[in-house]
Undergrad: 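Just dropping this structure here.
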Amino acid sequence: MPALPPFDDTAADAAPVQAAPSFSPLYQQIKALILQSLQGGEWKPGEAIPSEMDLAARFRVSQGTVRKAIDELAAENLLVRRQGKGTFVATHAEQHVQYRFLRLVPDSGERDPQGAADRAILECRRTRASAEVARALGLRTSDAVVQVRRVLTFAGVPTILEDIWLPGVAFKGLTAEQMADFQGPTYAMFELEFGVRMVRAEEKIRAVAADEQQAQLLQVAPGMPLLSVERIAYTYNDVPMELRRGLYRTDDRHYRNELN
């Protein structure tokens, strides 16, 4: 039997340690494939996706595996099941999806008793991303962004002052008229006219005092307490697509969140 070569512990120390391969359940792999199709626009918001049987044949897995993947996507509000009709891509045009991102409700507890907000677009312009905005949106400093400032008014009362930053490439051509004239939620407009669907958001909330300009725009006294809400909204695969900073009047409204 030939002698073994001498053991070189220096080489062993230099060799990288290989991590054990991570295991992903089959239904999670199917979920990722369905997400790829959603991200690629194969099925548009509001459209039906293929049946579980068709998807099972396409991916060569059991129907139960596909069902489990779809169940998770439905729980994440990316798909909507409709009994007797099939499964559809969720859209912000649907009322129950709209309220996932609108948490300010009247103290009466009713949702929008006076109807949709009137939107006054104070500014909509292309500019260069500051370091802070670039970091939030995953851009480089000085990349193009669209900056929007608007006031949302409910029943004649200016209630929300918002500053919004959007990646310039994804939202090329966005105008103030477009934002003001669209009849429906802003996120629905992003879906329909720019092909960008916001699927989740992270928010930071704190109390602030209104400065002179903010007080004037919201028609309150300077120093009045306001709720400051900073949101980063993401599309598929956790790509940031919006930085939004809102100042909310809460004299007759409150911020409501449901925790599961």
Side-chain angles (χ1 to χ4, degrees), residues 22-105 109-112 116 137-138 166-167 170-171 182-205 229 231-244 255-260:
S22 59
F23 173 75
S24 176
L26 185 55
Y27 80 91
Q28 289 281 2
Q29 298 175 40
I30 301 306
K31 177 184 174 183
L33 292 173
I34 295 174
L35 272 172
Q36 284 180 16
S37 293
L38 290 170
Q39 183 182 26
E42 181 177 347
W43 312 306
K44 306 296 183 186
E47 288 183 356
I49 69 169
S51 69
E52 291 177 0
M53 186 179 299
D54 289 341
L55 289 173
R58 170 175 170 171
F59 298 129
R60 299 181 182 178
V61 296
S62 72
Q63 198 169 332
T65 298
V66 170
R67 183 176 301 117
K68 193 167 183 180
I70 290 176
D71 283 344
E72 283 209 355
L73 292 167
E76 294 169 9
N77 293 297
L78 300 181
L79 298 175
V80 178
R81 291 187 182 277
R82 294 182 184 148
Q83 191 167 4
K85 295 183 178 179
T87 303
F88 295 76
V89 182
T91 169
H92 286 282
E94 297 182 50
Q95 190 177 58
H96 78 282
V97 178
Q98 294 174 25
Y99 291 125
R100 286 181 61 216
F101 293 89
L102 180 60
R103 304 273 175 77
L104 194 69
V105 297
E110 298 178 54
R111 297 280 197 181
D112 259 2
L137 294 178
L166 305 163
F171 291 91
F182 186 82
Q183 299 300 308
T186 299
Y187 284 170
M189 183 195 73
F190 291 169
E191 283 180 1
L192 294 172
E193 302 190 15
F194 295 93
V196 175
R197 179 160 193 272
M198 305 302 185
V199 300
R200 75 174 190 90
E202 296 175 354
E203 291 186 335
K204 298 177 183 177
I205 303 174
V229 180
R231 174 191 303 170
I232 300 177
Y234 299 82
T235 188
Y236 299 111
N237 287 329
D238 277 346
V239 178
M241 277 291 175
E242 178 198 55
L243 170 63
R244 182 183 300 214
Y255 190 90
R256 178 181 177 182
N257 195 9
E258 296 178 4
L259 303 177
N260 295 320

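All values below come from the heavy atoms of this structure, side chains included, with hydrogens, waters and symmetry mates left out.
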Undergrad: Restricting to non-hydrogen atoms, name the atom on G46 and the atom on F88 that form the minimum distance, rounded to 0.1 Å.
TA: O-CD2, 3.5 Å

Undergrad: Considering only heavy atoms from C-beta outward, does the side chain of P185 approach that of E191 to under 4.5 Å?
TA: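 Result no, sub-4.5 Å side-chain heavy-atom pair not found.
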
Undergrad: Is there a donor in the side chain of Y27 and an acceptor in the side chain of E72, or the other way round, less than 3.5 Å apart?
TA: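 Yes - a donor-acceptor pair under 3.5 Å links their side chains.
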
Undergrad: Given I49, which partner from the list L73, D54, T87 fulfils the side-chain contact (heavy atoms from CB on, under 4.5 Å) test?
TA: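 The residue from L73, D54, T87 that satisfies side-chain contact (heavy atoms from CB on, under 4.5 Å) with I49 turns out to be T87.
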
Undergrad: Ion pair present between E203 and R244, side-chain N to carboxylate O less than 4.0 angstrom?
TA: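 No, this pair does not count.
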
Undergrad: Between R81 and E52, is there a side-chain N and carboxylate O pair less than 4.0 Å apart?
TA: yes

Undergrad: With respect to F194, which candidate in Y187, F171, F182 satisfies the ring-ring contact (aromatic ring centres under 6.0 Å, His included) definition?
TA: F171

Undergrad: Of all heavy-atom pairs between V89 and P45, which one has the smallest distance, and what is that distance?
TA: CG1-CA, 3.7 Å

Undergrad: Taking all heavy atoms of L78 and all of R197, pick out the closest pair and write down the distance.
TA: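 Scanning both residues, the minimum pair turns out to be CD2-NH1, 3.5 Å.
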
Undergrad: Side chains of K68 and Q63: does their closest heavy-atom pair fall under 4.5 Å?
TA: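 The answer is no, as the side chains (C-beta and beyond) never meet within the 4.5 Å cut-off.
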
Undergrad: Could you tell me whether the side chain of L33 reaches within less than 4.5 Å of the side chain of L55, counting heavy atoms only?
TA: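 Side chain of L55 against side chain of L33, heavy atoms only: no contact under 4.5 Å found.
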
Undergrad: Please tell me if the side chains of F59 and I34 come closer than 4.5 Å, counting only heavy atoms from C-beta onward.
TA: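 SC-SC contact between F59 and I34 confirmed.
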
Undergrad: Excluding sequence neighbours, so at least two apart, what forms salt bridge (charged side-chain N to carboxylate O under 4.0 Å, His left out) with E202?
TA: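 With sequence neighbours excluded, E202 shows a salt bridge (charged side-chain N to carboxylate O under 4.0 Å, His left out) to R200, given in chain and number order.
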
Undergrad: Under 3.5 Å, is there a donor on one side chain and an acceptor on the other for Q36 and Y236?
TA: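 Note: Q36 and Y236 side chains miss the donor-acceptor criterion.
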
Undergrad: Can you find a pair of side-chain heavy atoms, one from M241 and one from L137, that are under 4.5 Å apart?
TA: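 A side-chain contact under 4.5 Å is absent here.
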
